[in-house]
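Worksheet: the structure to be examined is printed underneath.
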Amino acid sequence: MRRVVIGFAAARGTTLTEDALDAAGLLPVVRTENSPTPDRLLSDYLFPDRSTTDDLVLEEIGYVYEALLEDSSRRDNGAHYTPPELADEIVAHALAPVARADAAVVDIAAGTGVFLLASARYLASACDVLIAEVVTGCLYGADIDPVAVDIAKLSLWLLCEDPALPLTFLDHRILSGNALVGLVDAGELPADVPDREGYADAMVAVALPLGGRPGKRLEEAYAALRRARRLPAPTVRPIHWALVAPEVMARGGFDAVVGNPPYLGVKRVRDAIGQELRDYLAHTLAGGTTRRADYVIYFLLRAAALSRSEIGMITTDSISEGDTARFGLGALLDRGWQVARAERSAPWPTAGVRFAKIWLTTRPIDEACLDGRTVPAITGTLEDGFSLPEPARLDLDVPLPHGYQGTIVLGRSLVLTPDQAESLALGPLGHTVRPYLSGEDLVTPCGSTASRFVLDVGKLGLEELAEDRALARLVRSKVRAERRRQFVKYPQLKERWWGFLSPVDELYRDAAELTHVIAFSKHSKHLWPVLVGSDHVFSNGLVVYPTQDPAAYAFLASDLHRVWAVRAGGTMLNTAYRYNPSRLRATYPFPTDLAPLRPAGEHLLAALDRVGEERDLGITGVLNLVGDPRTHDPATTDLRQAITDVNHATARLQGVDESLATPDLTASGFGLTPTRQRALMAALVAQNLTLAEASPPPAEASGT
């Protein structure tokens with residue numbers, strides 16, 4: 001890597017020696033016995049097309065570093081090199097409102113400095129000042145990777161084209177450490193401590209094991225710190241912005257925060273950073289309520305704490321979905337920030353991810369720009385329109401049974417093919433062979449027919465299983481072998497290893513007296529209920545309501561339920577929604593009784609059956625047909641009317657203007673227009689908040 005930087009310097013007429021890098025402590029050389037030499041790596045990357053360092057632009061130092069990585073640690077943690085043109089675009093819109101010669105700009109996930117280089121060039125050009133003045137007076141940055149930080153400092157040194165500047169001229173501004181951890185407000189420090197940075201580090205050290213949770217234990221830990229003879233050191237390297245940039249923070253913060261934070265989805269955050277740090281970030285940055293949110297919201301919330309005016313970021317496109325939107329953009333909009341510009345989704349040029357571009361501001365704005373079009377405002381879910389308040393949790397008697405996630409079978413050994421099922425069903429324990437309904441089965445032309453079977457033997461003892469030799473042989477050979485490999489991750493399986501991981505006994509108990517239940521696919525193109533037989537084992541890809549009441553079906557099929565579930569009770573994965581019935585029950589302003597919806601529900605079920613049988617279609621095919629403006633046969637037309645009648649009946653019962661729930665058949669499909677969806681959601685949120693004011697809030701556990 002040193003050869004790359006030295007080559008860049010030489011190609012631009014600047015002498016940079018190994019001795020100078022050693023003296024500055026930059027890019028320390030670490031060689032292992034089996035690693036390729038730096039010269040070989042440099043040659044392999046730079047010279048296959050006979051190019052030289054002189055042919056490369058300055059930002060490519062960072063790209064070379066990414067290419068020469070001997071491990072995938074940065075990519076494993078969601079970090080991707082940003083192409084210069086993307087950084088230029090983010091910087092231009094973020095800095096235009098604050099372009100002054102003394103503007104303070106920071107990148108809290110700076111990597112190798114692409115955004116800092118872009119910021120230096122932009123401010124120098126906009127303010128007609130020397131680049132060296134901007135670099136030394138305006139820019140700050142941080143990254144958890146010390147090598148990336150060294151490259152950022154060297155790149156900015158080369159950009160200044162001033163050999164008189166020492167290589168260490170940015171050591172106090174471009175820092176190696178975790179920019180999410182540390183003090184932002186100097187007032188949090190006791191006034192009389194001699195070593196302010198050491199004491200700030202110690203505050204982090206005692207807070208981390210407690211997950212940053214406010215309360216008596218944390219207060220006692222801070223009190224003990226005042227009496228300690230030796231200050232503890234944290235397991236992470238904090239960056240205390242209150243001490244790094246005291247003059248900036250004293251005037252309210254940086255003028256702009258720019259960058260491209262790491263991309264880590266919900267399931268990867270804890271494994272990547274650890275439960276302790278995840279809890280700490282949740283409590284110190286998000287009030288303990290991040291729940292199922294992407295790692296990027298911590299950077300977004302930190303950026304808002306550091307900026308007094310502008311934020312410009314590249315983020316994962318999940319920024320507008322579910323809890324990531326609720327506790328990220330939604331929380332910032334509630335605090336007075338506005339989305340000035342946004343582009344919602346585009347493929348990343350060099351990686352298999354999609355990204356969004358977000359610009360936030362505290363300035364008053366009369367209009368915003370969404371995907372290149374002018375709109376009145378942009379919501380926390382990156383839609384055109386005005387944001388709505390966060391719905392409150394309610395304590396209502398819900399006239400709808402609990403919706404359960406289906407059974408987690410775990411593994412393949414208990415799942416049977418039709419031939420295996422037919423053979424085992426003839427044995428003494430044939431009743432344990434049950435149809436296994438998946439989300440995919442739910443939307444096929446068969447509708448409610450399972451394509452597979454499952455062995456439901458968890459309630460039987462091993463002696464009982466021995467009564468059926470063929471079944472017992474399968475359990476002991478395939479099931480036991482598979483489960484042994486799963487004991488480390490799921491130790492609860494050791495006691496009854498032949499059963500399901502999560503049998504959801506409550507679901508099957510509630511459905512025992514029913515012939516049918518109502519099921520949703522958790523991941524589907526259409527959020528639509530399907531009436532299915534109750535004799536199945538339901539996979540965990542389904543959410544099942546143990547009821548066959550047409551009134552309940554009408555409510556669940558209505559756009560009032562759908563709009564609320566999508567905007568306040570679910571997440572979106574690509575083009576499919578992930579349904580969350582618990583949040584629906586906790587927040588939807590339910591009427592006291594759904595019985596008035598029963599006639600409309602019966603008509604809708606009959607109309608669905610007619611179209612499905614005539615066309616041999618599953619629910620997805622039926623709904624695609626309903627949304628096709630070229631289809632006008634009598635059965636489909638009757639089904640559209642039945643859907644409209646359900647919407648109107650639900651709106652009347654809810655006390656909402658029926659016109660808001662009237663679907664239209666347009667060139668883009670059949671359903672509510674975005675304007676009606678927003679108006680309907682606004683009416684329901686108003687009811688939610690009215691009910692919340694009239695009753696005390698329910699107790700809520702920590703959301704971390």
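Both backbone and side-chain heavy atoms feed into the values below; hydrogens, waters and symmetry mates do not.
- Take Asp657 and apply the salt bridge (Lys or Arg N to Asp or Glu O under 4.0 Å) test, not counting sequence neighbours, and it matches no residue.
- Phe538 is linked by a ring pair (Phe, Tyr, Trp, His ring centres under 6.0 Å) to His536, counting only residues two or more places apart in sequence or in another chain.
- Between Pro209 and Glu276, some side-chain heavy-atom pair lies under the 4.5 Å cut-off.
- Residues satisfying the salt bridge (Lys or Arg N to Asp or Glu O under 4.0 Å) criterion with Arg483, sequence neighbours excluded, are absent altogether.
- Contacts of Glu602 classified as salt bridge (Lys or Arg N to Asp or Glu O under 4.0 Å), with partners at least two apart in sequence or in another chain: none.
- Checked against ring pair (Phe, Tyr, Trp, His ring centres under 6.0 Å), Phe520 has the following partners two or more places apart in sequence or in another chain: His561, Tyr579.
- Evaluation of the side chain to side chain contact (heavy atoms under 4.5 Å, CB included) rule for Arg412 yields Glu482 as partners, not counting sequence neighbours.
- At a threshold of 4.5 Å between non-hydrogen side-chain atoms, the residues Phe453 and Val537 do not count as touching.
- Panel note: side chain Arg393, backbone Ala692; no donor-acceptor pair is recorded below 3.5 Å.
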Worksheet entry | Arg344 vs Asp317, salt bridge (Lys or Arg N to Asp or Glu O under 4.0 Å): CA-CA, chis, key distance, verdict | CA-CA 6 Å; Arg344 288 180 282 196; Asp317 62 352; over 6 Å; no
Check: residues 634-643 side-chain donor-acceptor pairs under 3.5 Å, at least two apart:
{"residue": "Thr636", "atom": "OG1", "partner": "Asp633", "partner atom": "OD1", "Å": "2.7"}
{"residue": "Thr636", "atom": "OG1", "partner": "Asp633", "partner atom": "OD2", "Å": "3.1"}
{"residue": "Thr637", "atom": "OG1", "partner": "His632", "partner atom": "O", "Å": "3.4"}
{"residue": "Thr637", "atom": "OG1", "partner": "Asp633", "partner atom": "O", "Å": "3.0"}
{"residue": "Asp638", "atom": "OD1", "partner": "His603", "partner atom": "NE2", "Å": "3.4"}
{"residue": "Arg640", "atom": "NE", "partner": "Val626", "partner atom": "O", "Å": "2.9"}
{"residue": "Arg640", "atom": "NH1", "partner": "Thr631", "partner atom": "O", "Å": "2.9"}
{"residue": "Arg640", "atom": "NH2", "partner": "Val626", "partner atom": "O", "Å": "3.1"}
{"residue": "Arg640", "atom": "NH2", "partner": "Asp628", "partner atom": "O", "Å": "3.0"}
{"residue": "Arg640", "atom": "NH2", "partner": "Thr631", "partner atom": "O", "Å": "2.8"}
{"residue": "Gln641", "atom": "NE2", "partner": "Asp645", "partner atom": "OD1", "Å": "2.8"}

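- Under the salt bridge (Lys or Arg N to Asp or Glu O under 4.0 Å) criterion, Arg217 pairs with no residue, sequence neighbours left out.
- Each salt bridge (charged side-chain N to carboxylate O under 4.0 Å, His left out) pair with one or both residues in residues 542-563, not counting sequence neighbours, appears once here: Asp549-Arg598, Asp559-Arg562.
- Considering only residues two or more places apart in sequence or on other chains, Phe590 meets the ring pair (Phe, Tyr, Trp, His ring centres under 6.0 Å) condition with Phe555, Tyr588.
- Nearest heavy-atom pair, Ile365 versus Ala340, reported as atom, atom and distance to 0.1 Å: CD1-CA, 3.9 Å.
- Of the N and O atoms on the side chains of Glu383 and Thr381, at least one donor lies less than 3.5 Å from an acceptor on the other residue.
- Among residues at least two apart or in separate chains, side-chain hydrogen bond (donor to acceptor under 3.5 Å, both in side chains) pairs with a member in residues 451-461 are Arg434-Asp456, Asp441-Ser451, Lys459-Asp505.
- Applying the salt bridge (charged side-chain N to carboxylate O under 4.0 Å, His left out) definition to pairs two or more places apart or across chains, none involves residues 528-537.
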